[in-house]
Amino acid sequence: MVSKKKMSDSNKINKRFSLELKGAVLLFLYYLAIALVVFSKGILSSECLFFLGKASLLQIPELDKIKIFGLTFPQVPFILTSFTALFKFRFGPILVSILGTSILFYKVTTALKPRRFYSKLYYCILATFLLHPLFVFSAISGTSLYASLLFFYLFIYNLLKFLKTSATYNVFVASLYFSLLVFSCHKFIWLILLLVPIIFLFTVETLPIAKDSFFNKLIIIFNTVSLRRRFANKLLALNMVLFALPLGLMVIYRLLNEFYTGSSNYYLDHSFENLFPIFQFNDAKLSYFKQLYPIGFYLNHYTLLKTFIIAPLPFFYLYISRNVFLSVLIFGVLICLVEFLSIRYSESFVAIQFIAVFILTGWALLSAIGTYNYSNFYSNALVVITVLQIMTGVFSFVSGTIADDKNYINALVSLCTPEGYQQKDDDLVFAKFVSRLPTNEVLLADDDVAYRIFAMTESKCRVITQQSALFTDACTDPKQYVNYILIPQKGSVLEKYSKLNHYSLLSVNARQVNLSEVLSNKDWVMFKVIK
Amino acid sequence: MFTLEYSYWFDYMLPGLERMSLPIPLGGTSNHFVTEKLRELGKWDPFNVTEDADLGIRAFAKGYKVALLNSTTYEEANNEYFNWIRQRSRWIKGYMQTYLVHMRNPFKLIKKVGFKGFFAFNFFIGAIPVTFIAYPILICLFIIYLFFDGASIKEIFPPWVMYISLFNFFAGNMLIVYINMVAVFKRRYYGLILLATLNPVYWLLHSISAYKALWQLIYNPFYWEKTVHGLTKIGFKEKNV
């Protein structure tokens with residue numbers, strides 16, 4: 001009898017596993033199909049092009065590859081995508097992000113213990129992954145979003161599991177995933193500040209003191225020498241095991257930046273290593289967006305409201321788990337995190353991954369804590385709110401102000417319309433021009449800002465960039481070293497981030513070098529050096 | 001430091017080797033054998049001063065699996081400096097002997113233990129004495145580079161070597177310190193966590209033992225450096241008196 005029961009249990013588990021695996025494979029194929037269509041329309045996100053551009057620079061022999069490979073940030077997604085991009089496989093970063101998002105789905109669904117209404121829950125999660133623009137964007141954009149989501153989920157799940165069971169394995173693994181998360185999106189490092197109070201509460205709660213009330217326990221701890229020492233040791237130990245690894249690795253990374261470039265903040269401040277400096281919003285841009293997308297603009301500044309609109313389901317989880325103190329606390333921490341980020345980085349909008357963490361935390365709470373009492377009413381409400389969440393997600397993406405997100409949404413919407421949608425990427429014209437250059441021609445360009453063109457080109461011609469030893473010589477005497485010069489257009493946003501601009505051309509002209517303009521658009525100008 | 005090291009070795013390192021089906025250098029104090037198999041393996045090598053580690057490799061070569069029991073054997077921590085150096089120099093010399101014995105014919109060893117076992121043997125037995133011997137030299141080079149503008153060092157090593165070495169130095173040290181922290185955390189010895197940061201200093205002591213071991217390997221290879229036991233009890237009694 002027992003063995004029969006065991007067998008049926010194991011069959012159930014195997015069946016469940018196969019269901020989740022099937023879901024992940026289905027999701028992978030679905031994302032792949034959409035991504036191929038969107039890719040064929042020539043839509044590539046800026047971050048995807050950034051990764052491709054940097055990876056293409058790894059193939060130029062005279063460049064400092066250690067600097068490109070070691071300091072390009074976000075590190076983890078770049079390393080994961082660079083291997084595919086090395087083979088000039090332009091679809092590579094997208095393929096990696098599709099795989100990453102499918103793994104996220106698999107991890108989320110396999111972590112859920114068998115429970116009442118499991119299949120309803122499973123299909124709700126599947127629907128979210130299939131239709132919510134946040135997850136579709138994460139999968140098909142080739143950005144680092146998938147890495148942030150995957151590592152955040154694994155971190156929060158293991159942390160919650162540890163807080164529930166006190167198993168050492170979970171805290172160690174949580175720390176490992178947190179390190180990967182920080183190297184996928186550095187802003188998550190601030191989470192440490194907000195998690196410290198939770199660790200404090202957990203330490204108090206887990207000390208064996210025969211008192212029910214938290215404050216009574218605290219009074220006893222602070223008034224008993226042995227308990228006070230034990231408490232301090234445990235608190236310190238927990239904080240060290242959880243946070244020493246990510247903090248230590250970040251310190252080491254900054255030290256390496258300091259040693260190699262002379263600035264510990266190089267990976268964040270320098271546009272060669274990071275898209276962030278170029279994509280920061282300045283005042284002019286903000287007022288421009290304010291006029292263009294009034295609803296989206298204001299929405300982006302009320303982070304909590306934006307969160308509630310894009311992801312209402314986690315708040316439903318919060319409501320049904322209101323008796324579990326830990327879940328209320330965790331949501332409190334996340335709300336503090338997004339509000340803190342919107343104040344700390346007031347020059348830019350809170351990134352989409354900080355909204356997605358609410359949805360992921362809701363699922364992690366279901367899996368790790370799992371004490372929710374599901375009634376029939378709640379399970380039906382879950383379905384309704386999932387549908388609502390998908391609709392509000394689409395609305396917020398459509399009314400959003402981030403150009404990349406809008407491009408993807410427009411392309412996805414166009415899949416359902418007969419006219420279709422064709423991306424007009426002006427940089428592509430330049431990329432094609434560079435691709436046609438013969439192998440003996442040399443191009444001078446600044447790779448800090450020209451990464452989009454490098455990413456799209458299939459050129460065999462030689463390129464001298466800022467990272468080349470010959471860059472300064474080529475700038476001062478282009479006649480001797482190069483045939484073409486690529487600079488940002490006068491007055492374009494990119495001009496101030498580029499070492500090569502119209503001001504540097506003035507010094508070239510002063511040396512009586514004849515330049516003739518061969519190609520230009522609103523962002524770029526290509527000159528031919530007449531020899 | 002002794003507890004940190006033992007927690008790391010017996011709770012993480014050896015189970016890890018077992019999990020990956022790699023040769024396990026047997027831990028001295030509590031091994032259990034089937035007598036017949038022990039005879040078949042050729043028993044302990046009386047000339048090797050870490051005969052247990054040597055036996056672990058021979059067992060692996062013969063195709064036997066060494067399994068770990070989920071149990072703890074308590075051992076007295078060696079708390080006297082010179083006594084500790086003696087004990088460690090014996091262990092490190094034993095590793096050197098084991099390595100030299102089995103690497104007399106590397107091809108034969110590959111045939112016996114396979115490529116995986118061969119690399120594991122080189123990394124976990126052979127590399128340990130080498131690391132301890134190289135450690136003070138590399139630390140000195142780093143200090144010269146850091147404080148005395150080591151122009152000659154920069155000339156010898158190209159920038160990429162320096163960068164990768166720095167990465168290894170920082171990240172490698174940090175990871176080992178961190179694993180030590182996790183190991184004592186698992187044992188709930190919370191008070192010892194902070195001491196894990198002293199590991200780089202502890203490794204310098206290992207280096208002293210390694211140099212002594214190297215000297216002995218050349219001049220007195222089969223000498224058994226005795227460890228005095230019961231020092232903790234003596235200290236405890238003196239304290240109570």
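None of these values were measured; they are calculated from a predicted model. The chains referred to below are lettered A, B, ... by the order of the sequence lines, with proteins before strands, and numbering in each begins at 1.
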Output the distance between atom CG (Leu242(A)) and atom CD1 (Ile192(A)), rounded to the nearest 0.5 Å.
-> 8.0 Å
Which one of Val241(A), Leu238(A), Leu255(A) has the most heavy-atom pairs closer than 4.5 Å to chain B?
-> Val241(A)
Looking only at Leu192(B), Val182(B), Ile164(B), most heavy-atom pairs under 4.5 Å shared with chain A are made by Val182(B)
So with a 6.0 Å cut-off around CZ of Phe200(A), is the heavy-atom count from everything else above 12?
-> yes
Decide side chain to side chain contact (heavy atoms under 4.5 Å, CB included) for Ile24(B) and Phe60(B); before the verdict, give the C-alpha distance in whole Å, the side-chain angles of both, and the deciding distance to 0.1 Å.
-> CA-CA 8 Å; Ile24(B) 295 179; Phe60(B) 185 83; over 6 Å; no
Kindly indicate, with the supporting measurements, whether the criterion side chain to side chain contact (heavy atoms under 4.5 Å, CB included) is fulfilled by Glu18(B) and Lys65(B).
-> CA-CA 9 Å; Glu18(B) 185 202 17; Lys65(B) 171 107 181 142; 4.2 Å; yes
Sole residue of Leu17(B), Val66(B), Ile128(B), Asp54(B) in side-chain contact (heavy atoms from CB on, under 4.5 Å) with Pro25(B) | Leu17(B)
Taking the six-membered ring for Trp, are the ring centroids of Phe151(A) and Phe155(A) within less than 6.0 Å of each other?
-> no
Using only distance (under 3.5 Å, no hydrogens or angles), which donor-acceptor pairs connect chain A and chain B?
| unit_1 | atom_1 | unit_2 | atom_2 | d |
| --- | --- | --- | --- | --- |
| Tyr178(B) | OH | Ser175(A) | OG | 2.9 |
| Tyr178(B) | OH | Val241(A) | O | 2.4 |

Hey, which of Phe121(B), Phe123(B), Phe118(B) is the one that makes ring pair (Phe, Tyr, Trp, His ring centres under 6.0 Å) with Tyr99(B)?
-> Phe121(B)
